[in-house]
Amino acid sequence: MGYAEVAVNSPVAQRRTFSYSIPPFLNLSVGQAVWIPFGPRVLQGVVCRLTERPEVEQTKDIIGAIDPLPLLTPTQVDLARWISEYYLAPLFDTVALMLPPGFERKLLAFYELPPGFSASSATSLTPEQSQIVSLLGREGRTAQSALEKALGQKKARRALDDLLAKGLVVRSEELQRPKVRPKTALHLELAVDAGVARREAERLAARAPKQAALLQLLADRNGPVLARETGAAPAAVKALRAKSLISTSEVQVWRDPLLDRQFVSVAPPTLTPAQEAALEQIRAGLRASVKGAPAAFLLHGVTGSGKTEVYMRAIAEAVALGRRGIVLVPEISLTPQTIGRFASRFPGRVAVLHSRMSPGEQFDEWQRIRDGAFDVVIGPRSALFAPQPALGLIVIDEEHEWTYKQEEQSPRYHAREAALKLGELCGATIILGSATPDLETYHRAQTGRYRLLELPQRITVRGETPLPEVELVDMREELKAGNRSIFSHSLNRAIGETLADREQTILFLNRRGTSTFVQCRNCGFAMRCPRCDLALTYHAKEETLSCHQCNYRKAIPEKCPVCWSRRIRYLGLGTERVEEEVRRAFPLARTLRWDRDVTGGKGSHERILDAFLAHEADILIGTQMIAKGLDLPLVTLVGIISADTMLHFPDIRASERTFQLLSQVAGRAGRGALPGRVVVQTYVPDNYAIAAGARHDYASFYRQEIELRRQHGQPPFGRLVSLVHAHANAEACRTGAEKMFQRLAEKKDHEGVNVELVGPAPMFFARIRGRYRWQIVLRGSDPARLLADLPLPQGWVVNVDPMTLL
Ligand code: ADP
Ligand code: ZN
Ligand code: ZN
């Protein structure tokens, strides 16, 4: 008899597997999903390992397989185990990353009368019980949900329990049908031969022109035609079918998210020498690719230096070697141009995974990927877990982006680390691309973990061109000179000139809303979110105050709620206010705003982008959304309203983030036929992150920042683990954190682990959605070790390699 180690879908299962015996009638493989008994319940699990001997003496039998095929490859199972161990995440959470969309299904209960049931045995029943018995007698086997609908949930459940106990009904279970099922579409076909159909069409032409037209169309086309394509009215279809002239059928169709878009295929350009040199190394890496130690590259190139072109060539090389690729982008909806370029280069061979796709679309795409239908899969961080067979290349574009780390829910993994591990497991080459690499990535490239490839020159239609010139404006001087506007003289003049030249401007500010701080002038009271203690942001258009942490909304108070004064002032600056100011200063300019407040619906990003590309607006005002890899040829001016918004957060990556955003936003200017310029407004022009960002000087920023990190033992020199305790009660939150700290301190001394414990302390965002937050930070070369065998109590969240400690 064989045994299986199973990852179990239960919150108490944590990071381990459980041993089960495999009954003789089952033939199981690693990666297969199964039903297993777990305590009194039946749960889902995934087979992680097959063994001769169980880990425990007593084992129960696996009940059955959920799907006849394994849903994970053995490599994916290994990856799931690694993510679970490294990020201290429950094993099923990491296995679930790789399951097909819509996998989780419930067991449904059904009831029927027992065989040989006779009404005479059913005596002394309550009215509900007899109602159920007669219903089952009439209808036969019936779902519990239907009985609950007929009698009400409580009554039905009580009556069913009693009937079960008396042996008057029999219960059985069945798996709920998958919510997502292959989509089918109605097809029409002639049921008679074409000649007959044409004669009928002539006969019908006067009396029933619609039927005649449909017959004619089907006679011209040989074979089934999609009903929607014929434009036929349902009545005409019905009439013709009734006369047995046509037949209809439901045929399975694939939902293709790229279907409605047009792609013009263009011949690939001749590579520049720098691109050629980079590709040559990648090519060698792909050829030599071995399991255990595949090549990993950092492709460091300024914005517009031709990185995407190198990715596409690398994919083509991998395909020529019989392998496939995965390309990760920070966010699909913000990168329509990149997707379009891949779709044009590899027509019909690109799968796009998108969280806004319907479950059905995601399911279809997952299936086709598993069948090997695509050369390349493009998607956000989760696309790394697509079942792409013969994976040979993983590209992570804009690898410094924070969206690659899943911070909001378990497992809190970083797609870059997971990709490196996956590459090691299956021998896939890795390319990390960025103009502003993550500090840690660049450090690894310096120390030999990655091979560094550089594209130093920007390519435009003007050939290789220098980056746009950046002017740094000291806003303190503007104030001294009496300019209280949000635009410096320089920026004001530049916007005017750009408008006069009929070119486009981007204005960037990393904050939404009109005013970010609303305060009483009389007593100083500031409006805060009652659940988060954060300052509320004023939105003029909707006339509301809103919390950007939890979306709490409230009307604007006419009077101060504390002192009843009417003197309320509005401080701080958001994108809505910038738009108002632009309209005031440049009444003829056409503006567009691009931030989370205006991008709710499906396709809204693309609509804004298309409108701006079509020059329907002169000035685009936006948050960091506009910093992503967009190519906007008419933009010749980028204005950064304030470079300082993030700099003063007490966060380990505040400088790095400021530098990255500055460089990325500045990179939007001058990508077309016209040279560009950038104006950066700041109160701290001497700050190294801002000064280096303005000079496009990555090397200088890196040198200074890495030295500071070294001095303070911050990543990459010390690794961090954050432990956060959230609780609705302030006191309980603190004592819980203190107890945990005590426990960790003792464990550390006892085991002699070399780790520094920082805290416990309230977090910078001390309360979110009504829950207080205290934090303990562990720092050292392997801080997670101290937590490896420590079960965390309720209300605690562990985050290995957190992006931020706020
Ligand atoms: P990045 O990904 O580094 O931002 P892209 O690959 O988007 O850079 O290249 C910037 C622009 O230059 C694009 O319009 C692209 O089509 C063009 N381009 C890239 N490589 C070449 C080349 N070798 N010759 C001509 N144009 C190129
Ligand atoms: Zn007041
Ligand atoms: Zn809030």
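One-based numbering, in listed order, for ligands and for the atoms of each. Count residues from 1 along the sequence.
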With a 4.0 Å cut-off on heavy atoms, does Arg341 reach ligand 1?
-> yes
Sub-4.0 Å heavy-atom approach of Ser305 to ligand 1 =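 Yes.
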For Thr272, the ligand 1 atoms whose distance to one of its heavy atoms is below 4.0 Å =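 Ligand 1 atoms under the 4.0 Å threshold to Thr272: 23 (N).
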For Thr270, the atoms of ligand 1 under 4.0 Å from one of its heavy atoms are 22 (C), 23 (N), 24 (N)
Got an N/O contact under 3.5 Å between Pro269 and ligand 1?
-> no
N or O contact, Thr303 vs ligand 1, cut-off under 3.5 Å =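 The answer is no, given that Thr303 and ligand 1 share no N or O pair closer than 3.5 Å.
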Can you tell whether the side chains of [X] and [Y] come within less than 4.0 Å, N to carboxylate O?
X	Y	answer
Glu317	Arg313	no
Arg657	Asp651	no
Arg381	Glu407	no
Arg653	Glu705	no

If you round to the nearest 0.5 Å, how far is CZ of Arg412 from CG of Asn799?
-> 6.0 Å
Considering only heavy atoms, which of Leu299, Val310, Ile459 lies nearest to atom 26 (N) of ligand 1?
-> Ile459
So the angle subtended at the Zn ion (ligand 2) by Cys560 atom SG and Cys523 atom SG, rounded to 10 degrees, is 110°
State, to the nearest 10 degrees, the angle whose vertex is the Zn ion (ligand 3) and whose arms point to SG of Cys529 and SG of Cys547.
-> 110°
Count the heavy atoms belonging to other residues, nucleotides or ligands that lie under 6.0 Å from CD of Glu731, then report whether that count exceeds 12.
-> yes
In terms of ring plane angle, is the pair Tyr570 and Tyr538 parallel, tilted or perpendicular, where the classes change at 30° and 60°?
->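 Judged by the thresholds at 30° and 60°, the geometry between Tyr570 and Tyr538 is tilted.
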